[in-house]
Amino acid sequence: MKVVAINGSSRKNGNTASALDAASAVLEEEGIRTARIEIGSLAFHGCIGCGTCRSKQNRRCRLDGDELNSNLETLFAADGILLGSPVYYAGINGALKSFLDRAFFVAGANGGLFRHKVGAALVAVRRGGAATALDQLNKYLGICEMFIPTGNYWSMVYGQAPGEAARDDEGMQCVRVLAANMAWLLKSVAAGRGSLPPPQTKAMMNFIR
Ligand SMILES: Cc1cc2nc3c(=O)[nH]c(=O)nc-3n(C[C@H](O)[C@H](O)[C@H](O)COP(=O)(O)O)c2cc1C
């Protein structure tokens, strides 16, 4: 089993990374392989809503000028996805937002490629806005029928300079609990794969009368 973690921060050794490291260590202890995608210092175009991923059904985004497509199959092959973001203006950082909008749209438009994977999220914050940013990440997981584990608080670690969040004992404990619950959920989903509910044709209603 494999979990792919996405670090939205441009700081590869920053506070988001500290939290992802702690979660990954627990997952590895539980026998789950982990990998990291670093996107924070790369430029990602936002989704332009062209719908080509839906019409072409080729598991790719039409915008080929950045590293979105080269990472998609890694995500589609994973059993679990762990999202990590620094808090920027009480939300997730821009590169991550662009990346996730397109990755999740391609997955949804191609038959629900994230469906029934386990998805977890965490954020790193200096002072305020962690709850809204975490909520934003969990929205991606929830819309595509991913299974979401929880920690013993909301998974936010506090710090500004790189390394500070590693000293947030409560935040880091929460992240480790989140990862332990993620590991258990991954194993449970694997054990129950034969009896997972079938997909339903989506009832789309745009509130136009
Ligand atoms: C553009 C920008 C916006 C930020 N906005 C917030 C914010 O709204 N609230 C907050 O508490 N910290 C904010 N911060 C601080 C970061 O969230 C904080 O330093 C975090 O630990 C960075 O994580 P990293 O080390 O993984 O990059 C902001 C930082 C930057 C660069």
Side-chain angles (χ1 to χ4, degrees), residues 2-29 32-47 66-68 70-72 74-75 78 80-104 118-142 146 148-183:
K2 187 172 179 184
V3 167
V4 176
I6 304 176
N7 182 12
S9 174
S10 62
R11 302 200 287 192
K12 287 186 182 168
N13 298 306
N15 292 315
T16 310
S18 293
L20 291 175
D21 288 346
S24 298
V26 172
L27 290 166
E28 295 274 352
E29 279 165 25
I32 293 157
R33 289 180 298 132
T34 62
R36 184 83 50 93
I37 297 176
E38 300 282 353
I39 65 158
S41 55
L42 302 174
F44 288 96
H45 205 293
C47 179
D66 57 32
E67 294 190 31
L68 188 277
S70 61
N71 282 302
L72 280 184
T74 305
L75 292 173
I81 297 174
L82 177 58
L83 305 177
S85 181
V87 174
Y88 281 7
Y89 293 94
I92 63 175
N93 68 294
L96 185 60
K97 165 99 170 104
S98 294
F99 183 97
L100 294 179
D101 282 0
R102 287 165 60 207
F104 276 75
V118 175
L122 58 87
V123 298
V125 61
R126 185 188 75 81
R127 188 169 180 86
T132 45
L134 185 61
D135 193 39
Q136 201 180 352
L137 290 180
N138 279 317
K139 291 289 189 290
Y140 291 97
L141 310 177
M146 293 178 79
I148 305 175
T150 55
N152 61 356
Y153 195 81
W154 301 296
S155 38
M156 48 189 73
V157 295
Y158 280 78
Q160 181 172 30
E164 282 183 356
R167 307 204 310 267
D168 173 10
D169 291 340
E170 184 172 355
M172 296 303 274
Q173 183 195 51
C174 177
V175 162
R176 287 192 296 272
V177 171
L178 175 77
N181 287 333
M182 186 179 200

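Read the numbers this way: they start at 1 and go in the same order the structure lists the ligands and their atoms.
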Whether Gly14 lies under 4.0 Å from ligand 1, heavy atom: yes
Close approach, Gly128 and ligand 1, non-hydrogen under 4.0 angstrom: yes
Between CD1 on residue Ile6 and CG on residue Leu75, distance to nearest 0.5 Å: 4.5 Å
Location of contacts on Arg11 toward ligand 1, heavy atoms closer than 4.0 Å: side chain
Heavy-atom check, side chain of Leu137 versus side chain of Ser85, under 4.5 Å: yes
Minimum side-chain heavy-atom gap Asp21-Arg36 below 4.5 Å: yes
Ligand 1 to Gly159 polar contact by distance, N or O atoms, under 3.5 Å: yes
Side-chain heavy-atom pair Val87, Arg126 within 4.5 angstrom cut-off: no
Minimum non-hydrogen distance to atom 6 (C) of ligand 1, winning option of Val87, Thr132, Asn15: Val87
Side chain to side chain, Leu83 and Leu96, heavy atoms closer than 4.5 Å: no
Atom 27 (O) of ligand 1: nearest protein contact (heavy atom, Å): Ser9 OG, 2.6 Å
Glu28 atom CD: more than 12 heavy-atom contacts under 6.0 Å: yes
Tyr158 versus Asn15, side-chain donor and acceptor atoms under 3.5 Å: no
Exceeds 12 heavy-atom contacts within 6.0 angstrom, atom CG of Asn13: no
Val125: numbered ligand 1 atoms lying under 4.0 Å from its heavy atoms: 10 (C), 11 (O), 17 (O)
Protein contact to atom 5 (N) of ligand 1 [nearest heavy atom, distance to 0.1 Å]: Tyr89 N, 2.9 Å
Ser18, Ala133, Ser85, Pro86: member with heavy atom nearest to atom 23 (O) of ligand 1: Pro86
Gln136 and Lys97, any side-chain heavy atoms less than 4.5 Å apart: yes
Heavy atom of the protein closest to atom 26 (O) of ligand 1 (residue, atom name, distance): Thr16 OG1, 2.6 Å
Gln160 neighbourhood, listing ligand 1 atoms whose heavy-atom distance to it stays under 4.0 Å: 19 (O), 21 (O)
Atom 11 (O) of ligand 1: nearest protein contact (heavy atom, Å): Arg127 N, 2.5 Å
Closest approach of any protein heavy atom to atom 31 (C) of ligand 1, naming residue and atom: Tyr88 CE1, 3.6 Å
